[in-house]
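Below is one structure, written out as structure tokens; the observations come after it.
Note that the structure is a prediction, hence the values are computed from the model and not measured. Each chain gets a letter, A, B and so on, in the order its sequence line appears, and its residues count up from 1.
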Protein chains: 2
Amino acid sequence: MRRDVFQAIADPTRRAIIMLLAVGALTPNAIANHFDSSRQAVSKHLRVLTECEILRQEQQGREIHYHLNADKMKDLEKWLEQFKQLMAKRFEQLDTVLEQLKSKGK
Amino acid sequence: MRRDVFQAIADPTRRAIIMLLAVGALTPNAIANHFDSSRQAVSKHLRVLTECEILRQEQQGREIHYHLNADKMKDLEKWLEQFKQLMAKRFEQLDTVLEQLKSKGK
DNA sequence: TAATTACGAAACCAATCGGTTGCAAATGTA
DNA sequence: TACATTTGCAACCGATTGGTTTCGTAATTA
């Protein structure tokens, strides 16, 4: 089973959960209260997020607090950065071409 | 059918296609040559990417050149930025708490 | 004109997804 | 001890996914 940040954030509910836990740790019930879906449905999302290490569980009595592991989001950040660098390089090359055309026109 | 950047980049092949086209426009065949999957499989990915406006088609004779619409990637960038801001705010609050603890200790 | 090439579209398939219901286990409370 | 609460897990379901094979069509080339 593929389990990475990219697949994790593909679902809108999971994105919302990430945002929620960015503010602070919560229990499954508390999280589920923020959504229309059932506790079990949310629990499944929590499992996916935990499996790809975006979330971390912390047992406290019978409650489980889900914490965000912000570091994992860097995978996404890295990819986006790589993409932006490629684009920048392309524009650089385009600039060179335009520069050459300009000097030819002289 | 949900069709957004998040769902688009969930697939590794599609991420690779985006990177490829960040360098320059290509035809479906040219793109497919970079992968193990068949031309038709790649074509399906191109359709998904086109439907969420990450790609733009440009007919040239019997060839179709797929161009990247880098702007669409900003949806992703925006979400990530929003997330990072939430995290920053959290650490800010944490800092305040630590500050208070420190002055109490005096 | 006939053959080839480039491509999208449709039909099909197994696997996965996101949801549900029902249950079991562990912890807390009366 | 009996009961309630919190939670994970398994079984099931319809929809979607990513892939394949096959076909049709339009543009090029011989």
Side-chain angles (χ1 to χ4, degrees), chain A residues 1-21 24-69 72 76 79, chain B residues 1-21 24-69 72 76 79:
Chain A
M1 220 173 297
R2 199 175 4 110
R3 209 108 280 190
D4 55 43
V5 190
F6 301 98
Q7 189 248 347
I9 65 163
D11 182 84
T13 304
R14 282 199 290 266
R15 284 201 299 280
I17 291 176
I18 290 175
M19 287 305 198
L20 251 181
L21 298 185
L26 286 174
T27 64
N29 267 326
I31 298 168
N33 284 338
H34 284 81
F35 300 97
D36 290 332
S37 16
S38 70
R39 179 191 63 82
Q40 282 91 341
V42 169
S43 209
K44 268 196 169 187
H45 286 305
L46 292 175
R47 198 154 89 95
V48 172
L49 289 167
T50 307
E51 274 172 4
C52 59
E53 295 179 290
I54 292 180
L55 299 188
R56 181 172 46 82
Q57 299 178 321
E58 206 168 275
Q59 191 99 27
Q60 256 169 58
R62 71 181 157 189
E63 291 184 344
I64 296 180
H65 291 256
Y66 280 87
H67 292 258
L68 196 76
N69 174 22
K72 260 292 159 183
L76 178 62
W79 183 80
Chain B
M1 222 172 294
R2 196 171 12 106
R3 211 97 292 184
D4 54 42
V5 190
F6 301 98
Q7 189 247 347
I9 65 162
D11 184 85
T13 305
R14 283 200 290 268
R15 283 201 299 280
I17 291 176
I18 289 175
M19 286 306 197
L20 252 180
L21 297 185
L26 287 173
T27 64
N29 267 323
I31 297 168
N33 284 338
H34 284 82
F35 301 96
D36 291 331
S37 17
S38 70
R39 178 189 64 82
Q40 282 89 341
V42 169
S43 210
K44 271 197 167 187
H45 286 305
L46 292 175
R47 197 153 90 94
V48 171
L49 289 167
T50 308
E51 274 173 5
C52 58
E53 294 179 293
I54 292 179
L55 300 188
R56 180 173 45 84
Q57 299 177 322
E58 207 168 272
Q59 191 101 26
Q60 256 170 58
R62 72 180 157 188
E63 291 182 345
I64 296 180
H65 290 257
Y66 281 87
H67 293 258
L68 196 77
N69 174 22
K72 260 293 159 180
L76 178 62
W79 183 80

Rounded distance in Å - [atom1] ([X]) to [atom2] ([N]):
X       : N      : atom1 : atom2 : answer
B/Asp36 : D/dG18 : CG    : P     : 17 Å
A/Asp4  : C/dC17 : CG    : P     : 11 Å
A/Asp11 : C/dC17 : CG    : C1'   : 9 Å
B/Ile9  : D/dG18 : CD1   : P     : 13 Å
B/Gln7  : C/dG18 : CD    : P     : 10 Å
A/Leu49 : D/dG8  : CG    : C1'   : 16 Å
A/Ile64 : D/dC9  : CD1   : P     : 8 Å
A/Gln40 : D/dT7  : CD    : C1'   : 9 Å

Check your understanding: Are more than 12 heavy atoms from other residues, nucleotides or ligands located less than 6.0 Å from atom NE2 of B/His34?
Key ->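 No, not enclosed.
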Please give me the minimum heavy-atom distance between [X] and [Y], naming the atom from each residue.
X       : Y       : answer
B/Tyr66 : B/Pro28 : CE1-CG, 3.5 Å
B/Lys72 : B/Cys52 : CD-O, 3.5 Å
A/Ala10 : B/Gln7  : CB-CA, 4.2 Å

Point to revise | Given C/dT20, C/dG8, D/dG18, the nucleotide with the shortest approach to the side chain of B/Lys44 | key: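 Nearest nucleotide to the side chain: D/dG18.
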At under 4.0 Å, does any side-chain N or O of [X] touch on OP1 or OP2 of [N]?
X       : N      : answer
B/Asn29 : C/dC7  : yes
A/Ser43 : D/dG8  : yes
B/Ser38 : D/dT20 : yes
A/Arg3  : C/dC17 : yes
B/His45 : D/dG19 : yes
A/Thr27 : D/dT7  : yes
B/Tyr66 : C/dG8  : yes

Exercise for review: Determine the contact category for B/Gln57: base if any of its heavy atoms lies under 4.0 Å from a base atom, sugar-phosphate if only primed atoms, P, OP1 or OP2 are that close, otherwise nothing.
Suggested key: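 Touches sugar-phosphate only.
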Point to revise | Under 3.5 Å donor-acceptor pair, B/Arg39 side-chain atoms to C/dG8 base atoms | key: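 Pair found.
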Check your understanding: Has the side chain of A/Arg62 got a donor or acceptor atom sitting under 3.5 Å from an opposite partner on the base of D/dT7?
Key ->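 In this structure, the two groups form no donor-acceptor pair.
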**Study point:** Distance, nearest 0.5 Å, that separates CG of A/Leu46 from CG of A/Leu21
**Key:**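 One finds 7.5 Å between CG of A/Leu46 and CG of A/Leu21.
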